Protein chains: 2
Amino acid sequence: MMRIGELAGRTDVSVRALRYYEEQGLLTSERSPSGQRHYAESAVDRVRLVQQLYAAGLSSKVITELLPCVVEGDATPELLERLAAERDRIDGKVAELLDVRSRLDSVITGATTNLLTGRPCRNEAAPETAPGD
Amino acid sequence: MMRIGELAGRTDVSVRALRYYEEQGLLTSERSPSGQRHYAESAVDRVRLVQQLYAAGLSSKVITELLPCVVEGDATPELLERLAAERDRIDGKVAELLDVRSRLDSVITGATTNLLTGRPCRNEAAPETAPGD
DNA sequence: CTTGCCCCTGACGTCAGTGTGAGGTTTTAG
DNA sequence: CTAAAACCTCACACTGACGTCAGGGGCAAG
């Protein structure tokens with residue numbers, strides 16, 4: 001049974017954040033008689049899962065609703081729809097990210113080529129007859 | 001030369017957001033003598049680009065720094081590093097998203113199977129001898 | 001000239017996730 | 001036993017990307 005500081009250290013999540021997760025119902029703890037939080041090993045995974053869901057853009061409210069069934073591996077048809085919706089949202093996000101990624105990448109490739117071919121940064125001496133603007 | 005309302009309509013971005021973008025240096029406008037903003041056609045693309053970068057998790061500050069070179073297709077070596085760093089960050093994010101996605105997906109598949117095989121939601125009558133907890 | 005719609009500039013509100021400090025208790029190390 | 005470190009509960013502060021309201025102008029139509 002670890003205390004909150006250890007859990008924080010292991011998960012790289014601040015103590016404050018852990019308490020916040022509990023407040024939001026995303027994480028539970030047993031309390032010692034004196035009121036200190038104690039966590040089982042499984043809490044480490046739980047926190048990581050929560051972080052992942054956060055990173056995926058789910059709000060704490062949505063996570064609260066979906067977490068039980070993600071953990072239990074069980075769901076009502078209603079929850080299934082929500083899960084599927086989130087999955088689709090994530091798919092969309094991935095596509096968007098890949099799009100930007102390729103855009104950035106082509107800029108990088110282009111600019112690198114410019115640098116390698118000895119052309120310095122154009123914005124230093126560009127005349128006003130820029131064709132693209 | 002369209003005004004801000006039209007640009008908002010075309011880009012599906014609120015008028016407020018457009019003014020905010022300008023405030024952040026992400027979008028420029030010419031002003032009529034009376035102070036009203038006027039935009040060229042190119043502003044539509046610009047706004048879309050900004051939206052994409054926002055969606056990719058870049059802050060307005062970072063976008064401000066990178067936008068010129070993304071638009072001009074040119075960059076200093078320093079900026080190139082930043083671009084590459086952002087690209088890598090995006091790659092990481094994509095990986096993370098795919099990870100969560102697969103996790104959700106397996107939950108969905110599993111729960112669907114449960115439903116199809118007639119097993120109702122376990123949380124209704126689960127005894128305390130749950131093996132996974 | 002007035003009605004109506006779009007525009008302007010502040011400036012405060014919101015929401016999430018967390019930082020931070022006050023003021024107090026508990027646990028641990030020596 | 002005592003001091004330090006870790007913990008507790010409020011509770012206010014902050015950032016970002018806007019929403020929203022207040023109070024005031026610009027401009028075409030009737």
Side-chain angles (χ1 to χ4, degrees), chain A residues 1-40 43-44 46-67 86 89-90 93 96-97 100, chain B residues 1-40 43-44 46-67 86 89 93 96 100:
Chain A
M1 281 304 196
M2 62 189 122
R3 290 188 299 169
I4 199 170
E6 188 180 341
L7 181 57
R10 284 214 206 164
T11 57
D12 259 321
V13 169
S14 74
V15 169
R16 177 68 174 91
L18 293 178
R19 290 203 268 248
Y20 175 77
Y21 293 172
E22 181 169 331
E23 202 177 303
Q24 301 299 310
L26 304 178
L27 182 63
T28 52
S29 63
E30 289 164 27
R31 297 301 188 103
S32 77
S34 65
Q36 301 211 347
R37 293 170 176 86
H38 289 278
Y39 301 93
V44 175
R46 178 64 159 260
V47 170
R48 292 207 176 117
L49 174 57
V50 169
Q51 288 267 300
Q52 277 196 320
L53 293 174
Y54 267 130
L58 307 197
S59 72
S60 63
K61 199 184 152 201
V62 174
I63 297 179
T64 308
E65 295 169 4
L66 301 187
L67 201 47
E86 290 301 337
R89 217 182 42 73
I90 290 175
K93 234 182 153 175
E96 222 174 19
L97 285 181
V100 187
Chain B
M1 280 305 196
M2 61 190 124
R3 290 187 299 170
I4 199 169
E6 189 180 340
L7 181 57
R10 283 214 207 165
T11 57
D12 260 319
V13 168
S14 74
V15 167
R16 176 66 174 95
L18 292 178
R19 290 201 268 250
Y20 176 76
Y21 293 173
E22 181 169 329
E23 202 177 302
Q24 302 299 311
L26 304 178
L27 182 63
T28 52
S29 63
E30 290 163 26
R31 297 300 188 104
S32 76
S34 64
Q36 302 209 346
R37 293 172 177 84
H38 289 277
Y39 301 94
V44 176
R46 178 63 159 260
V47 170
R48 293 207 177 115
L49 174 57
V50 169
Q51 287 268 298
Q52 276 196 318
L53 293 174
Y54 268 127
L58 307 198
S59 70
S60 63
K61 198 185 152 201
V62 174
I63 299 180
T64 309
E65 294 168 4
L66 300 187
L67 201 48
E86 291 300 336
R89 217 183 41 74
K93 234 181 153 176
E96 223 173 20
V100 186

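Each chain gets a letter, A, B and so on, in the order the sequences are listed, and its residues count up from 1. Source: prediction; values computed, not measured.
Not counting sequence neighbours, the partners of Y54(A) by the ring pair (Phe, Tyr, Trp, His ring centres under 6.0 Å) test are Y21(A).
Here the straight-line distance linking atom CG of L7(A) with atom CE of M1(A) works out to 12.0 Å at 0.5 Å rounding.
A salt bridge links E86(A) with R89(A): at least one charged nitrogen is closer than 4.0 Å to a carboxylate oxygen.
In terms of phosphate contacts, R31(B) brings a side-chain nitrogen or oxygen within less than 4.0 Å of OP1 or OP2 of dT9(C). For R37(A), a side-chain nitrogen or oxygen approaches OP1 or OP2 of dT9(D) to under 4.0 Å.
Listed by first then second residue, pairs satisfying salt bridge (Lys or Arg N to Asp or Glu O under 4.0 Å) with a partner in residues 11-24 of chain A read E22(A)-R31(A), E22(A)-R37(A), not counting sequence neighbours.
The CE-P distance, from M2(A) to dA6(D), rounds to 17 Å in whole Å. The nearest whole Å value for the distance from the CD atom in Q24(B) to the C1' atom in dT15(D) is 12 Å. In this entry the distance linking NE2 of H38(B) with C1' of dC6(C) reads 11 Å, nearest Å.
In this structure, the side chain of T64(A) engages the main chain of Q24(A) through a donor-acceptor pair within 3.5 Å.
Minimum interatomic distance between A56(A) and I90(A) (heavy atoms only, all atoms of both residues): CB-CD1, 4.0 Å.
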Take nucleotides 18-30 of chain C nucleotide by nucleotide from the 5' end and write B, S or -, depending on whether a protein heavy atom sits under 4.0 Å from the base, only from the sugar-phosphate, or from neither.
BBB-----SS---
